[in-house]
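Position 1 is the first residue of the sequence; numbering continues from there.
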Amino acid sequence: MSYSIRYPHLFSPITLAGTLFSSRLFASPTGAAQLSETNQFPTADTYAYFERKAMGGAASVCVGDAVVDFERGRPNPNHMPLDNPKLRDSFARLADSITKYGAVASVELQHGGGASKDSASRGHQIYGVTEFTDSDGNLVLPYTDEILEDVIRKYAEAAAFAKRCGFGMVTVHGGHGWLISQFVSSIHNTRTDKWGGSIENRCRLPVAILDAIRKAVGPRFPIEIRISGSECHANGYDLDEGIAIAKQLDGHCDLIHVSAGDHEVPEVFTVTHPSMFLPDGANVKYAAEIKKHVKTPVATVGALADPELLEDIIASGKADVVELARALIADPDLPKKAREGRSDEINKCIRCLTCFSHLMQTGQFYCAINPEIGREIDARGQGVHKLEPAERKNVLIIGGGPGGMQSAITAAQRGHNVTLYEKRAVLGGALRCEDEVPFKIHTAEYLNRQAKKLETLGVSVNLLSEITPESASKMNPDTIIAAFGAESVTPPLPGIEYAIESTYAYTHTTAIGENVIIIGGGLVGTELALYLAMLCKNRKITILEALPSASDGGNILHGLALSYELPKYPITQMFSVAVKEITSSGVSAASAGGATQLYPADTVIYATGMRPLRTEADKFRFIAPQFFQIGDCVTPANIYKAVSDGHY
C-alpha cells in the first residue's frame with residue numbers, strides 16, 4: 001500500500017540555480033547568538049543551534065547576521081565578520097553541521113550602511129545614502145562612488161568565501177532598513193547622482209551586488225535576496241514600491257524573499273516579526289502580490305507555523321517557498337513531523353517574542369515553550385553534565401500548570417513512572433483563564449498539546465484532586481516535584497469587596513460594565529484591558545498603576561507590541577497613581593503630588609501581583625528522597641521560566 005502524503009505541495013522539491021532543495025520549507029535567517037566573545041566566530045553552541053534545524057528536516061538553513069564589511073557595516077556586536085580570513089575553519093565547520101543532514105546551508109550577507117552603529121562605536125567612520133547625524137550623535141557621511149564599489153566587492157568576496165567554506169547558497173539582506181533598503185527607498189534616498197532618483201537608479205546598488213556575486217560564485221549557486229515588500233509605516237514605502245523594487249531585481253537572483261518592515265521604526269518590529277496580535281501569515285499578502293509581477297521564484301515569511309497554511313500558500317501559488325524562523329525555534333522538528341503526518345504533535349510558536357527579547361537582553365536564544373533551544377548540546381546529553389541512563393523512579397508531580405506538565409513529560413520520556421495531581425478540572429494552571437482570548441489562542445493550543453502528550457506518554461493524571469502530605473507519603477515516591485504555582489494578591493484596600501480579581505474577570509466578561517477601572521498596570525492588567533476592550537467597543541477602561549511606567553514582565557518586545565495595541569482602543573493608562581479606596585461608585589486615588597480624586601467605574605478589577613505558594617510546597621519537602629520546587633511557587637515569573645525549570 002502506497003503512503004499518502006498530506007502536504008504534497010509543501011514537500012515537493014524545488015531547484016534553484018541547479019541546486020535541489022528537498023522541500024519548499026526553508027529555515028529563515030536568525031542570528032548566530034552564541035558566538036565567541038573575542039572574535040565573534042562560531043562556537044560549539046552555534047554549530048548545535050543551526051544543526052538542530054537541519055536535523056529537523058528543513059530544506060535549507062540560513063545563518064543570519066554575517067557582515068560583509070566588519071569595519072564599516074556592523075550594526076550590532078554579535079555579527080560574524082565574513083571579511084576576516086581567520087573565520088574560515090569555524091565557518092566551514094558551521095556549514096558542515098547543516099549540510100551533513102541534507103539541508104542546503106545558506107548565510108545572510110548583511111551590511112548596516114548608515115545604521116552601522118557598532119562600527120561607529122568602535123571609532124570607524126560609517127556611511128549612508130546621505131549625510132546625517134544618527135540618534136547616538138554619530139556623523140554619517142554620504143557614500144562616494146569609490147566606497148560603494150568597495151562595498152560591492154566585499155559582498156562578492158563574502159559570497160565566494162561562503163561557497164569555499166561549504167555553504168550552498170547566500171541570502172543578501174536587502175530589507176528592513178539596512179544598507180540596500182536605504183538605497184532602494186524613495187523616502188530615504190534623495191540622491192541626485194546615478195545612485196538616486198529613478199527606480200532604476202535606486203536599485204542600481206542591489207543589482208550591482210547581485211551581479212558581482214553571480215560572477216564570483218558562478219551560475220550554479222543559488223542567490224537569494226530578502227526585501228521589504230512594504231515598510232509598513234506612514235513614512236516608509238508601500239507595496240507598490242515593493243513591487244517596483246522586485247521587478248528591478250527580477251532575473252538577477254534565484255529567489256526573492258519578501259519580508260516587511262523597517263528596523264528603524266520601533267512599532268514596525270512586531271510587524272516584521274509578527275506579534276500575537278496579528279493573524280497567522282500576516283505578511284504573506286506582500287509576497288503573493290509581488291509574485292504576480294516577477295518570473296523569479298518568491299519566498300514568504302512571518303507568523304507561519306501551521307502546515308495547513310503552508311501547504312495552501314504553495315498550492316495556491318502565493319509563494320514558491322515558505323520561510324520559518326520562530327516556528328523552528330519552537331519546534332525544529334516541524335518539517336519532519338509535517339512530512340510524516342504528525343502535525344498534531346508540532347509545538348507551534350505562540351508568538352510571545354520571548355526568543356527575541358532574550359536575544360536582545362542576554363545574547364542568547366531561548367524559547368518559552370521549547371526548553372531545548374539555546375541549550376542543544378545539553379539537550380543531547382553531551383554538555384558539562386552528561387545525561388546518564390535513567391534509573392526508573394516513581395515521580396510525584398503536584399500541580400498541572402506549564403511547569404508541572406513539562407516536568408511530567410520530560411520525566412516520562414526519560415522512562416520514569418509519573419503521577420500528576422491537579423486540583424483544577426483541567427491542566428494548564430492559571431493560564432487557562434485566557435483560553436477565550438483571541439491573541440492567546442496559540443497558548444491555549446500549546447497547553448492542549450501538552451495535556452495530550454501526558455496521555456500519550458501514559459502519565460497518571462488526577463484532576464480535581466488535592467493531595468495531602470499524608471497521602472503523598474503513602475505513595476512512597478522517590479521524587480516529588482512541587483509545581484503549586486501562585487495565587488493572586490488581594491490588595492489591603494478599603495472597599496476591596498467592591499472589586500473583582502483579574503482571573504475572575506477573564507472568565508466572567510459578561511458581568512463587566514462599560515466603565516472599568518483596572519488596578520495594576522503590569523502585563524496581566526494591560527492584557528486584560530485589551531481583551532475587555534476588544535469584546536465591547538463602548539467599554540472605556542482606565543488602568544491605574546503605582547509605578548511610573550508599565551511593566552513588560554521581562555519580555556521587552558511583547559511589551560512593545562502591547563504598547564502599540566492599547567491606543568487602538570478606549571484605554572487610558574495612569575502612572576504613579578496611589579489607590580486609596582474602592583467604593584461602589586469607583587476608585588479614589590492620588591497622582592504623585594496631587595490631590596485625591598474619584599475615578600468613576602461600573603466595575604473595578606485588581607491585578608496587583610501574585611503570591612508564590614511556598615508554604616503549601618514546603619509541606620512536601622521531606623516526604624521523598626528527592627524534592628524539587630519549580631515555577632511560580634518559587635517566584636512568580638512566566639511560561640518560559642516554568643517550562644525551563646520543569647524540563648531541567
* Could you tell me which residues satisfy side-chain contact (heavy atoms from CB on, under 4.5 Å) with Lys194, sequence neighbours excluded, listed by chain and number? => Asp145, Arg204
* Asked: With Ile556, which residues qualify under side-chain contact (heavy atoms from CB on, under 4.5 Å), at least two apart?
  -> Ser357, Met360, Gln361, Asp552
Acceptor/donor pairs from residues 278-286 side chains to any protein atom, 3.5 angstrom cut, sequence neighbours excluded:
{"unit_1": "Asp280", "atom_1": "OD1", "unit_2": "Arg351", "atom_2": "NH2", "d": "2.3"}
{"unit_1": "Asp280", "atom_1": "OD1", "unit_2": "His442", "atom_2": "NE2", "d": "2.9"}
{"unit_1": "Asn283", "atom_1": "ND2", "unit_2": "Val271", "atom_2": "O", "d": "2.9"}

* Asked: Are Asp312 and Lys318 within salt-bridge range, i.e. N to O under 4.0 Å?
  -> yes
* Are the charged groups of Lys568 and Glu565 less than 4.0 angstrom apart, N to O? -> yes
* Structure fact -> Given the options Leu16, Leu210, Ile213, Cys253 meets side-chain contact (heavy atoms from CB on, under 4.5 Å) only with Leu210
* Asked: Taking Asp262 for the side chain and Glu231 for the main chain, is one N or O donor matched with an acceptor at less than 3.5 Å?
  -> no
* Asked: Do the rings of Phe356 and Phe365 sit parallel, tilted or perpendicular, given the 30° and 60° boundaries?
  -> perpendicular
* Asked: Should the pair Asp333-Arg342 be classified as a salt bridge under the 4.0 Å nitrogen-to-oxygen rule?
  -> no
* Structure fact -> Phe21 meets the ring pair (Phe, Tyr, Trp, His ring centres under 6.0 Å) criterion, sequence neighbours left out, with Phe26
* Is the closest basic N to carboxylate O distance between Lys348 and Asp306 below 4.0 Å? -> yes
* Name all residues meeting the ring pair (Phe, Tyr, Trp, His ring centres under 6.0 Å) criterion together with Tyr47; count only those two or more places apart in sequence or in a different chain, and write none if there are none. => none
* Is a side-chain donor-acceptor pair under 3.5 Å present for Tyr7 with Glu308? -> yes
* **N-O pairing of Asp250 and Lys295 below 4.0 Å** => no
* Considering residues at least two apart in sequence or located in another chain, which fulfil the ring pair (Phe, Tyr, Trp, His ring centres under 6.0 Å) criterion with Tyr127? -> Tyr143
* Could you list the residues that satisfy side-chain contact (heavy atoms from CB on, under 4.5 Å) with Asn370, not counting sequence neighbours? => Pro332, Asn347, Cys367, Glu372, Ile373
* Do side-chain atoms of Arg24 reach the backbone of Val322 as a donor and acceptor pair under 3.5 angstrom? -> no
* Is the shortest side-chain N to carboxylate O distance from Asp83 to Arg72 below 4.0 Å? -> no
* To do: Show your working on salt bridge (charged side-chain N to carboxylate O under 4.0 Å, His left out) between Glu289 and Lys292 and close with a plain yes or no.
  => CA-CA 6 Å; Glu289 194 59 36; Lys292 298 175 184 176; 3.1 Å; yes
* Asked: Counting only N and O atoms by type, is there a donor-acceptor contact under 3.5 Å from the side chain of Arg202 to the main-chain atoms of Gly197?
  -> yes
* To do: Enumerate the residue pairs fulfilling ring-ring contact (aromatic ring centres under 6.0 Å, His included) with a member in residues 185-229, sequence neighbours excluded, ordered by first and then second residue.
  => none
* Asked: Is a side-chain N or O of Ser185 found less than 3.5 angstrom from the main chain of Gln182, in a donor-acceptor match?
  -> no
* Would you say His124's side chain and Ile126's backbone share a donor-acceptor pair under 3.5 angstrom? -> no
* To do: Go through the structure and list residues passing side-chain contact (heavy atoms from CB on, under 4.5 Å) with Lys100, not counting sequence neighbours.
  => Glu51, Asp96
* To do: Check side chain to side chain donor-acceptor pair (under 3.5 Å) between Glu200 and all other residues, then give those that pass, not counting sequence neighbours.
  => Ser198
* Structure fact -> Residue set satisfying ring pair (Phe, Tyr, Trp, His ring centres under 6.0 Å) with His252, at least two apart, ordered chain then number -> none
Table please: side-chain donor-acceptor pairs of residues 158-172 below 3.5 Å, with sequence neighbours left out.
{"unit_1": "Lys163", "atom_1": "NZ", "unit_2": "Val217", "atom_2": "O", "d": "2.6"}
{"unit_1": "Thr171", "atom_1": "OG1", "unit_2": "Ser106", "atom_2": "OG", "d": "3.1"}
{"unit_1": "Thr171", "atom_1": "OG1", "unit_2": "Glu224", "atom_2": "OE1", "d": "2.6"}

